[in-house]
Amino acid sequence: AQTVTQSQPEMSVQEAETVTLSCTYDTSENNYYLFWYKQPPSRQMILVIRQEAYKQQNATENRFSVNFQKAAKSFSLKISDSQLGDTAMYFCAFMRLTSGTYKYIFGTGTRLKVLA
Amino acid sequence: DTAVSQTPKYLVTQMGNDKSIKCEQNLGHDTMYWYKQDSKKFLKIMFSYNNKELIINETVPNRFSPKSPDKAHLNLHINSLELGDSAVYFCASSYSNTEAFFGQGTRLTVV
């Protein structure tokens with residue numbers, strides 16, 4: 001069975017600094033997708049970044065980048081120049097094809113607090 | 001303009017009642033989902049529909065019944081509500097192999 005593990009329940013970072021959130025997953029599949037979602041206090045789930053497993057290049061979206069290590073089954077999120085608005089729960093998610101559709105499995109989340 | 005919209009945003013109801021949560025997406029996606037987020041923020045898939053057809057039905061009590069009248073709508077009906085059903089329910093949609101877009105969630109409180 002696929003699992004997604006986020007080992008850091010809570011983290012904090014000073015504004016303008018860099019923070020890395022960790023995520024590991026377990027799968028025997030070769031083709032899959034990985035995502036980071038952000039859930040601010042508003043409750044809305046917002047896609048932060050996406051990585052296809054077949055791509056070796058790490059995805060980057062502005063201040064957000066990932067370190068994807070396929071062999072190690074690791075998918076960490078780096079937030080550079082942290083801003084107060086980055087305060088949120090962050091969920092790592094794994095998606096694979098199953099029963100003819102794509103199924104997400106989410107990690108338990110990391111609560112990130114950006115300090116002024 | 002909202003891509004995935006759920007109604008209502010908040011729902012407070014008594015045990016034993018029957019309630020529905022509606023979801024609509026205007027993105028033209030072919031797949032829609034219902035997720036449950038519990039008090040510890042754990043997100044778990046409940047159902048997935050592809051082109052109005054039920055594809056994933058996780059271990060969910062049969063008091064929960066999804067209904068997809070068309071590709072743009074996936075409603076969730078819950079019978080005989082129990083205290084343990086209190087949670088935030090998220091609707092989401094996607095094209096088959098792309099990221100899901102989520103609604104704003106419905107906070108259900110059963111008293």
Side-chain angles (χ1 to χ4, degrees), chain A residues 1-6 8-11 21 23 29 31-55 59 61 64 66 75 87-113, chain B residues 2-6 8-11 23 25 27 29-59 66 68 71 74 87-109:
Chain A
Q2 285 80 24
T3 58
V4 178
T5 302
Q6 293 179 248
Q8 306 147 315
E10 291 187 3
M11 293 190 73
L21 310 183
C23 173
E29 299 287 322
N31 295 320
Y32 50 87
Y33 302 83
L34 295 161
F35 306 89
W36 279 97
Y37 279 87
K38 166 185 175 180
Q39 187 179 37
S42 67
R43 207 171 65 205
Q44 180 74 47
M45 291 285 287
I46 302 164
L47 177 70
V48 175
I49 202 164
R50 159 195 171 117
Q51 175 83 42
E52 291 88 344
Y54 63 85
K55 288 187 178 177
E61 285 288 338
F64 298 88
V66 298
F75 182 60
T87 293
M89 283 286 288
Y90 287 81
F91 293 94
C92 178
F94 168 94
M95 185 176 78
R96 65 174 286 266
L97 181 64
T98 182
S99 302
T101 193
Y102 285 85
K103 180 178 173 181
Y104 276 84
I105 299 169
F106 284 87
T108 49
T110 296
R111 187 180 301 278
L112 176 68
K113 190 168 185 180
Chain B
T2 306
V4 182
S5 61
Q6 299 177 225
K9 262 182 97 168
Y10 299 93
L11 184 53
C23 179
Q25 55 96 1
L27 298 166
H29 289 162
D30 57 5
T31 304
M32 294 186 74
Y33 311 84
W34 277 107
Y35 283 85
K36 179 180 179 180
Q37 187 175 41
D38 61 24
S39 57
K40 294 183 180 175
K41 301 292 187 184
F42 184 61
L43 264 164
K44 188 159 189 254
I45 190 166
M46 300 173 69
F47 303 102
S48 169
Y49 270 73
N50 182 266
N51 289 313
K52 292 172 44 181
E53 185 180 341
L54 180 64
I55 300 298
I56 293 176
N57 183 352
E58 293 292 304
T59 308
S68 182
K71 277 173 40 173
L74 180 62
V88 179
Y89 292 84
F90 283 96
C91 176
S93 72
S94 71
Y95 291 113
S96 296
N97 65 341
T98 64
E99 60 271 16
F101 288 78
F102 285 79
Q104 75 271 41
T106 296
R107 182 178 293 280
L108 171 65
T109 304

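Just so we're clear, the structure is a prediction, and the values are computed from it rather than from any experiment. All chains are named by letter (A, B, ...) in the order of the sequence lines, taking the proteins before the strands, and each is independently numbered beginning at 1.
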Got more than 12 heavy atoms from elsewhere within 6.0 Å of CD, A/E52? yes
Using only atom types and a distance under 3.5 Å, with no angle test, would you say the side chain of A/Q51 pairs donor to acceptor with the backbone of A/A59? yes
Taking the side chain as everything from C-beta on, heavy atoms only, tell me whether B/Y49 gets closer than 4.5 Å to B/W34. no
Residue among A/Y33, A/F91, A/Y37 with most heavy-atom pairs under 4.5 Å to chain B: A/Y37
Report which part of B/S94 has an atom under 4.5 Å of a heavy atom belonging to chain A: side chain, backbone, both, or neither. neither
Under 4.5 Å from any heavy atom of chain A, what part of B/A100 do you find: side chain, backbone, both or neither? both
Report which part of A/R43 has an atom under 4.5 Å of a heavy atom belonging to chain B: side chain, backbone, both, or neither. both
Tell me, for A/M45 versus chain B, whether the close heavy atoms (under 4.5 Å) come from the side chain, the backbone, both or neither. both
Test: side chain to side chain donor-acceptor pair (under 3.5 Å). Region: residues 37-46 of chain B. Which pairs qualify, not counting sequence neighbours? A/Q39-B/Q37
With distance as the sole criterion, is a donor-acceptor pair present between the side chains of A/T108 and A/Q6 under 3.5 Å? no
Heavy-atom cut-off 4.5 Å, strictly under: side chain, backbone, both or neither for B/L43 against chain A? both
